[in-house]
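As the structure is a computational prediction, the values presented were derived from the model and not from experiment.
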Amino acid sequence: AFDHSDSVLVEEYIKGREASCGVIDGSTGNNIFALHPLEVRDQTADTVTALSPVEIQKIQQAAIDSHKLLGLRHYSESDFILNRFGVYILETNTLPELHTEATFSKSLHAADISFTEFLDHVIDLALENR
């Protein structure tokens with residue numbers, strides 16, 4: 001890598017289960033609603049496992065904290081790895097995919113929020129912040 005650049009970023013590989021959690025700004029833009037985390041997979045067994053209530057709470061809070069700390073607006077989605085040592089945030093997507101098979105869309109469906117309702121809400125938030 002140093003043959004191509006003076007700077008190199010090295011990250012530790014964290015083995016564990018994967019999860020994603022979307023958040024949506026509330027009607028005032030100050031409160032943030034965390035969707036239920038979805039799509040938890042074990043990287044080694046490729047199976048889906050259930051999240052514990054403690055894991056759900058930690059993931060939702062970390063997704064909200066990331067959204068706030070990055071100064072994001074309207075909605076975002078964060079990806080995580082979970083293992084026996086804790087919950088690790090991998091990234092926050094400022095424009096998560098919204099197609100029908102995307103985790104954000106599945107989370108909206110699980111929260112009984114229609115895609116139309118979500119889009120209307122995001123448009124209203126954008127118009128408030130002109």
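The shortest side-chain heavy-atom distance between His74 and His121 does not fall under the 4.5 Å cut-off. His36 has its side chain out of reach of Lys106: every pair of non-hydrogen atoms, C-beta onward, lies at least 4.5 Å apart. Using a 4.5 Å cut-off on side-chain heavy atoms (C-beta onward), Thr94 and Leu70 make no contact.
The cluster map of Ile, Leu, Val, Met, Phe, Trp and Tyr, joined by side-chain heavy atoms under 4.5 Å apart, puts Tyr75 and Ile64 in different clusters. Note: the hydrophobic cluster containing Phe115 does not contain Leu38 (ILVMFWY, side chain heavy atoms under 4.5 Å, direct or indirect links). Leu72 and Val122 fall into different hydrophobic clusters, where Ile, Leu, Val, Met, Phe, Trp and Tyr side chains are chained together by heavy-atom contacts under 4.5 Å. With hydrophobic clusters built from ILVMFWY side chains whose heavy atoms lie under 4.5 angstrom apart, Phe118 does not share a cluster with Leu125. Residue Ile123 is not grouped with residue Ile24 when hydrophobic side chains (ILVMFWY) are merged at heavy-atom distances under 4.5 angstrom, including chains of intermediate members.
Summarising the geometry of Arg17 relative to Ala50, their closest heavy-atom pair is NH1-O, 3.5 Å, with the distance given to 0.1 Å. Closest heavy-atom contact between Leu51 and Glu55: CA-OE1, 3.5 Å. Across every non-hydrogen atom of Ala34 and Cys21, the tightest pair is CB-SG, 4.4 Å.
Using modelled atom types and a 3.5 Å distance limit, the side chains of His67 and Asp25 yield a donor-acceptor pair.
Residues passing the side chain to side chain donor-acceptor pair (under 3.5 Å) test with Ser78, sequence neighbours excluded: Thr92. Residues satisfying the ring-ring contact (aromatic ring centres under 6.0 Å, His included) test with Phe80, not counting sequence neighbours, are none. Remark: Gln61 pairs with Asp65 by the side chain to side chain donor-acceptor pair (under 3.5 Å) rule, at least two apart or across chains. For Ser7, the side chain to side chain contact (heavy atoms under 4.5 Å, CB included) criterion is met by Ser5, not counting sequence neighbours. Considering only residues two or more places apart in sequence or on other chains, His99 meets the side chain to side chain donor-acceptor pair (under 3.5 Å) condition with Glu97.
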ask   = Would Phe33 and Val23 count as a side-chain contact (heavy atoms from CB on, under 4.5 Å) if you check the C-alpha gap in whole Å, the side-chain angles of each, and the deciding distance to 0.1 Å?
value = CA-CA 5 Å; Phe33 172 73; Val23 297; over 6 Å; no
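Between the side chain of Gln60 and the backbone N or O of Leu35 there is at least one donor-acceptor pair closer than 3.5 Å. In this structure, the side chain of Glu18 does not engage the main chain of Ile81 through any donor-acceptor pair within 3.5 Å. In terms of modelled atom types and a separation under 3.5 Å, the side chain of Ser107 and the main chain of Thr103 share a donor-acceptor contact.
The existence of a salt bridge linking Glu128 and Arg73 is excluded, since no basic side-chain nitrogen approaches an acidic carboxylate oxygen closer than 4.0 Å.
One finds the CG atom of Leu108 at 12.0 Å from the OG1 atom of Thr100 (value rounded to the nearest 0.5 Å).
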I'd like a table of donor-acceptor pairs (distance under 3.5 Å, sequence neighbours excluded) in which one partner is a side-chain atom from residues 83-91, with atom names and distances.
| unit_1 | atom_1 | unit_2 | atom_2 | d |
| --- | --- | --- | --- | --- |
| Asn83 | OD1 | Phe85 | N | 2.8 |
| Asn83 | OD1 | Gly86 | N | 3.4 |
| Asn83 | ND2 | Lys15 | O | 3.0 |

